[in-house]
Amino acid sequence: MVTNRFDLGFAAITVTVNGASVDFQVASYDYNTYWLKDGTAVHPLGCYSIIINILSCRIGDVIVVQYDTGSLEYDGGGERMDNIVGDISEYIVAMGCPATDEYEDAHVDLSWPSDMNPTKRVLPYENWGSTGRGFEFRIVDDPVKYNDRFYRTNIEAIIAWEKSSKEYAWGMVSFLTS
């Protein structure tokens with residue numbers, strides 16, 4: 001589904017580029033199983049991928065993806081992911097996104113002719129951190145040069161939520177977004 005506001009009932013997800021609302025894609029996120037200590041598999045009330053195409057963005061553009069309410073805090077993240085978790089109304093919510101500083105250590109072979117590898121970076125954007133309700137990204141290179149792979153021309157944020165009355169809610173949404 002393509003939208004400019006993903007309404008969750010208790011909050012909404014919005015995306016802006018330079019302060020202007022933009023459309024983004026929402027898709028079910030298949031990695032949505034959390035295993036309790038007793039081996040029981042549980043699933044959150046919601047687990048989605050927010051996909052922001054950045055091909056039309058230019059160097060210096062600021063992209064913000066966030067909940068329209070609440071206050072979330074860093075919760076560690078995981079391999080190449082940052083995540084924030086907090087509570088909104090009677091839900092524990094989380095958002096995860098690429099930890100772009102970890103991609104900076106990845107090798108880009110600059111010995112290739114420039115027409116075969118026109119980039120000096122792995123990603124054309126950088127994660128500038130949490131807004132308290134989501135994440136801010138900055139375009140640092142022309143995204144068109146990165147049009148050979150999905151993850152390079154789209155910013156993907158994972159969101160998940162569960163009722164705060166579940167004792168495992170925080171751990172589950174944090175795990176699924178990291």
| If you look at every heavy atom in Ala41 and Trp35, which pair is closest and at what distance? | CB-CZ3, 3.4 Å

Using atom types as modelled, flag every donor-acceptor pair under 3.5 Å from a side chain in residues 10-24 to any protein atom, sequence neighbours excluded.
from  : atom 1 : to    : atom 2 : distance (Å)
Asn18 : OD1    : Val62 : N      : 2.9
Asn18 : ND2    : Asp61 : OD1    : 2.9

| Taking all atoms of both residues into account, what is the closest heavy-atom pair of Ser164 and Ala169, and its distance? | CA-CB, 4.4 Å

| query | If two hydrophobic side chains count as joined below 4.5 Å and joins carry through other members, does Met1 share a cluster with Tyr48? | reply | yes

| query | Quick check: does any side chain N or O of Ser178 sit under 3.5 Å from a backbone N or O of Phe175, one acting as donor and the other as acceptor? | reply | yes

| message | Looking at Arg133 and Asp68, would you say the former's side chain and the latter's main chain have a donor-acceptor pair under 3.5 Å? | response | yes

| field | Euclidean distance, Asp141 CG relative to Arg58 CZ, rounded to 0.5 Å | value | 12.0 Å

| Looking at CG of Leu45 and CG of Asn32, how far apart are the two atoms once the value is rounded to the nearest 0.5 Å? | 11.5 Å

| said: Check the orientation of Phe135 and Phe137. Use parallel for under 30°, tilted for 30 to 60°, and perpendicular for over 60°. | reply: tilted

| Would you say the side-chain atoms of Thr131 and Glu136 include a donor-acceptor pair closer than 3.5 Å? | no

| field | Tyr34-Val85 co-clustered via ILVMFWY side chain contacts under 4.5 Å | value | no

| query | With the 4.5 Å side-chain cut-off for hydrophobic clustering, are Ile155 and Val26 part of the same group? | reply | yes

| task | Look at the side chain of Asn154 and the backbone N and O of Glu156, then say whether any donor-acceptor pair between them is shorter than 3.5 Å. | result | no

| Per the side chain to side chain contact (heavy atoms under 4.5 Å, CB included) rule, which among Thr177, Leu176, Ile158, Ile50 passes with Tyr29? | Ile158

| query | Taking atom types as modelled, is there a side-chain donor on Tyr74 or Asp82 under 3.5 Å from an acceptor on the other? | reply | no

| task | Check the pair Glu90 / Lys163 against side-chain contact (heavy atoms from CB on, under 4.5 Å), numbers first and verdict last. | result | CA-CA 6 Å; Glu90 66 269 2; Lys163 286 276 197 181; 3.6 Å; yes

| query | Is there a side-chain contact (heavy atoms from CB on, under 4.5 Å) between Val42 and Tyr168 once you walk through the steps? | reply | CA-CA 10 Å; Val42 293; Tyr168 54 81; 3.8 Å; yes

| Ignoring hydrogens and geometry, is there a side-chain-to-backbone donor-acceptor pair from Thr153 to Leu55 under 3.5 Å? | no

| message | If only side-chain N and O atoms count, and only distance matters, is there a donor-acceptor pair under 3.5 Å linking Asp87 with Trp170? | response | no

| remark: Interatomic distance, CG@Asn147 vs CZ@Arg152, rounded to 0.5 Å, equals 10.5 Å

| Smallest separation among heavy atoms of Ala94 and Ser174, with atom names | CB-N, 4.4 Å

| query | Is Ser130 reaching over with its side chain to a backbone N or O of Gly132, donor-acceptor style, under 3.5 angstrom? | reply | yes

| Is Val122 linked to Ile52 within one hydrophobic cluster, defined over Ile, Leu, Val, Met, Phe, Trp and Tyr using a side-chain heavy-atom separation of less than 4.5 Å? | yes

| said: Around atom CG of Asp7, are there more than 12 heavy atoms from other residues, nucleotides or ligands closer than 6.0 Å? | reply: yes

| Between Thr100 (side chain) and Asn127 (backbone), is there a donor-acceptor pair under 3.5 Å? | yes

| message | Could you see if Met95 belongs to whatever hydrophobic cluster contains Leu8? Use Ile, Leu, Val, Met, Phe, Trp, Tyr and a side-chain cutoff under 4.5 Å. | response | yes

| note | Correct closest heavy-atom pair for Met172 and His43 would be SD-C, 3.9 Å

| request: Please report the shortest heavy-atom distance between Gly70 and Ile88, naming the atom on each side. | output: CA-CG1, 3.8 Å

| query | Passes side-chain contact (heavy atoms from CB on, under 4.5 Å), Glu162 versus Tyr91? Steps please. | reply | CA-CA 5 Å; Glu162 180 57 77; Tyr91 298 91; over 6 Å; no

| request: Can you measure from SG (Cys97) to OH (Tyr125) and round to the nearest 0.5 angstrom? | output: 8.5 Å

| Looking at Asp75, Val93, Ile92, which hits side chain to side chain contact (heavy atoms under 4.5 Å, CB included) with Val173? | Ile92

